[in-house]
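Quantities reported herein were computed from a predicted structural model and do not represent experimental measurements.
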Amino acid sequence: MDEALEAVDVIADSELEGVFVWLLRIVGIVAILAGLGLWLFTEMTLLVLPAALIVVGLVLLVAPNILLALTEFV
């Protein structure tokens, strides 16, 4: 966990945090849309992959905000 916070701190110091946050948000939105597309528009009997894509997309939408808030407190 310390390595992840250190990497986020380096990103925050390099003034690229806005670009990094928006890149992760875009990847998260694409993952959510891909999961919804697989679930709604295909005949998949196993719903693990679409559910995993949706969960990963939601984590990518929320994680940058949480990590940047943690680095401010540390």
Side-chain angles (χ1 to χ4, degrees):
M1 184 68 180
D2 291 334
E3 292 86 11
L5 289 176
E6 186 175 318
V8 171
D9 190 35
V10 168
I11 290 172
D13 289 341
S14 69
E15 298 181 5
L16 291 176
E17 86 181 69
V19 174
F20 180 71
V21 168
W22 277 105
L23 180 67
L24 286 178
R25 285 180 182 165
I26 290 171
V27 170
I29 290 171
V30 168
I32 290 172
L33 291 175
L36 287 173
L38 282 174
W39 181 46
L40 295 174
F41 300 119
T42 62
E43 294 182 14
M44 294 186 71
T45 57
L46 183 65
L47 294 176
V48 175
L49 181 62
L53 281 172
I54 292 171
V55 169
V56 167
L58 289 173
V59 168
L60 286 175
L61 285 175
V62 176
N65 296 335
I66 293 173
L67 286 176
L68 291 173
L70 284 176
T71 58
E72 290 177 7
F73 290 124
V74 174

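Hydrophobic clustering, with ILVMFWY side chains joined whenever heavy atoms are under 4.5 angstrom apart, groups I29 together with L40. Hydrophobic clustering places L58 together with L36 (ILVMFWY residues linked when any side-chain heavy atoms are closer than 4.5 Å, directly or through intermediates).
Looking at L23, V27, I26 one by one, the single match for side chain to side chain contact (heavy atoms under 4.5 Å, CB included) with L60 turns out to be V27.
Residues I32 and L61 form a side-chain contact, since some pair of their non-hydrogen atoms from C-beta on lies under 4.5 Å apart.
How far CD1 of I54 is from CG of L33: 9.5 Å, rounded to the nearest 0.5 Å. Separating the CG atom in L49 from the CH2 atom in W39 is a distance of 14.0 Å, to the nearest 0.5 Å.
Taking both residues in full, the closest heavy atoms of G35 and P50 are given as O-CB, 3.4 Å, listed atom of the first, atom of the second, then distance. Nearest heavy atoms, G57 versus A31: CA-CB, 3.9 Å.
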